[in-house]
Amino acid sequence: MRGLESRLNAVWYAGAPAPWVLRVLARIYAAGMAWRRPITAQRLPVPIIVVGNFTAGGTGKTPVIIALVDYLKAAGYTPGVVSRGYGRSGSGPISVVKNSQASVTGDEPLLIARRCEVQVRVDADRRRAAEFLIRAGCSVIVSDDGLQHQRLPRSLEIEIIDDARGYGNGLLLPAGPLRELPRKVDFRIRNGKGTDDADAYGMKLKPGFCRNLASDEVRALSDFAGSRVHALAGIGNPDRFFNMLRQSGIQIIEHAFPDHHRFVAADVPEGPVLMTEKDAVKVQAVGRQDLWSVAVDAVLSVAFYAQFNRRLSANGDPHA
């Protein structure tokens, strides 16, 4: 599976020509996209903020969602998060709590529930999930992904794009990384760009605390500087995590897995291991004291939050 992902990345981002079969499939995909209904115009009684991307694979969406939810909580809102729960075993709607299993809820919804301590609802029908959370008392809804989910009304759309990868070769899936052709959104955020410009707001990911999976002990990432550890990442762009560890002065042995990989004991090497929070919710720590998750935090500009407040107020903010 990882080999297929590597071959696709070579086509999408490294200039390798797209095989004819992928181009044919991309035309079929484009035809299917053309038949979609437009995004529903029917509004819901609270603001709906959709955070997603036009490309497949990791762009840093989850840290942005966590940052926005924390910001909204601090501003006096009661935010709730809706998600499809990609990769989960079940199909019915479910509320996510701290002791949920990632195999049932999906890894990203469980991570958000644990980090943010807000209501998270998983449902393939995000509109139904949003309505559930509104009835439960949420005053604003943040959608984990969903730019392509036409049934979900939205007050604001936020696109996250990897500054280094961009839109790759600019082709639709599977010949390229695009889920849909880029279109106008309310906010565009470039992960890895240090400054704002007219096209997009900049965003950096900074390492946060490290948490031991068995004991819950918290340490600073700098405590691992100079040591040699295994680095485990099953995310859309593992190199981003590996590079962050190296920049922190840590010698690493890389272990890259496909995005949303379901881990078994044999996947986790012996010896000290640093892994992403998204992976940690799927790794069993039984009998291990040397497994650590590394938090990352999205750093967004003051200008972004100021404009975010203005646009939220203009789209039915009940706090305005």
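Start at 1 with the first residue, then count along the sequence. Small disclaimer: the values here were computed from a predicted structure and weren't measured.
Residues Val46 and Val140 are not in side-chain contact: their nearest non-hydrogen atoms beyond the backbone lie 4.5 Å or more apart. Side chains of Glu108 and Asp145 form no contact here, defined as non-hydrogen atoms less than 4.5 Å apart. Taking 4.5 Å as the limit, some side-chain heavy atom of Asp125 sits within range of a side-chain heavy atom of His149.
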*Run the numbers on Leu300 and Phe308 for side-chain contact (heavy atoms from CB on, under 4.5 Å), then give the verdict.*
CA-CA 11 Å; Leu300 294 154; Phe308 176 74; over 6 Å; no
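Once rounded to the nearest 0.5 Å, the distance linking CZ of Arg7 with CG of Asn9 reads 11.5 Å. Separation of atoms CG (Asn191) and CD1 (Ile160) is listed at 8.0 Å; rounding is to 0.5 Å.
Ring planes of Phe54 and Tyr167: tilted class, angle from 30 to 60°.
Partners of Gln148 under the side chain to side chain donor-acceptor pair (under 3.5 Å) rule, at least two apart in sequence or in another chain, are Arg179, Glu180. Partners of Trp12 by ring pair (Phe, Tyr, Trp, His ring centres under 6.0 Å), not counting sequence neighbours: none found. For the side chain to side chain donor-acceptor pair (under 3.5 Å) test, residues two or more places apart in sequence or in another chain that qualify with Ser301 are Asp196. Qualifying ring pair (Phe, Tyr, Trp, His ring centres under 6.0 Å) partners for Phe263, counting only residues two or more places apart in sequence or in other chains: Phe257, His261.
Each of Arg127, Arg128, Arg135 was scored for a side chain to side chain donor-acceptor pair (under 3.5 Å) with Glu131, with one residue passing: Arg127.
Looking only at distances, a side-chain donor or acceptor of Asp279 sits under 3.5 Å from a matching main-chain atom of Gly234. Formation of a donor-acceptor pair under 3.5 Å by the Thr40 side chain with backbone atoms of Gln42 is found in this model. Using modelled atom types, one side-chain atom of Asn169 and one backbone atom of Ala175 make a donor-acceptor pair closer than 3.5 Å. A donor-acceptor pair under 3.5 Å is absent between the side-chain atoms of His255 and the main chain of Pro269, judged by distance alone.
Inspection of the Asp144 and Tyr86 side chains reveals no N or O donor paired with an N or O acceptor under 3.5 Å.
Counting heavy atoms of neighbouring residues, nucleotides and ligands inside a 6.0 Å radius, atom CZ of Arg183 exceeds 12 of them. For CD of Gln150, the number of neighbouring non-hydrogen atoms (other residues, nucleotides, ligands) closer than 6.0 Å is greater than 12.
Residue pairs meeting the side-chain hydrogen bond (donor to acceptor under 3.5 Å, both in side chains) criterion with at least one partner in residues 48-57, sequence neighbours excluded, are Asn53-Thr59. Among residue pairs with one or both ends in residues 76-103, those qualifying as salt bridge (charged side-chain N to carboxylate O under 4.0 Å, His left out) are Lys98-Glu117; sequence neighbours excluded.
Across all non-hydrogen atoms, the minimal contact from Arg262 to Ser89 is NH2-N, 3.2 Å.
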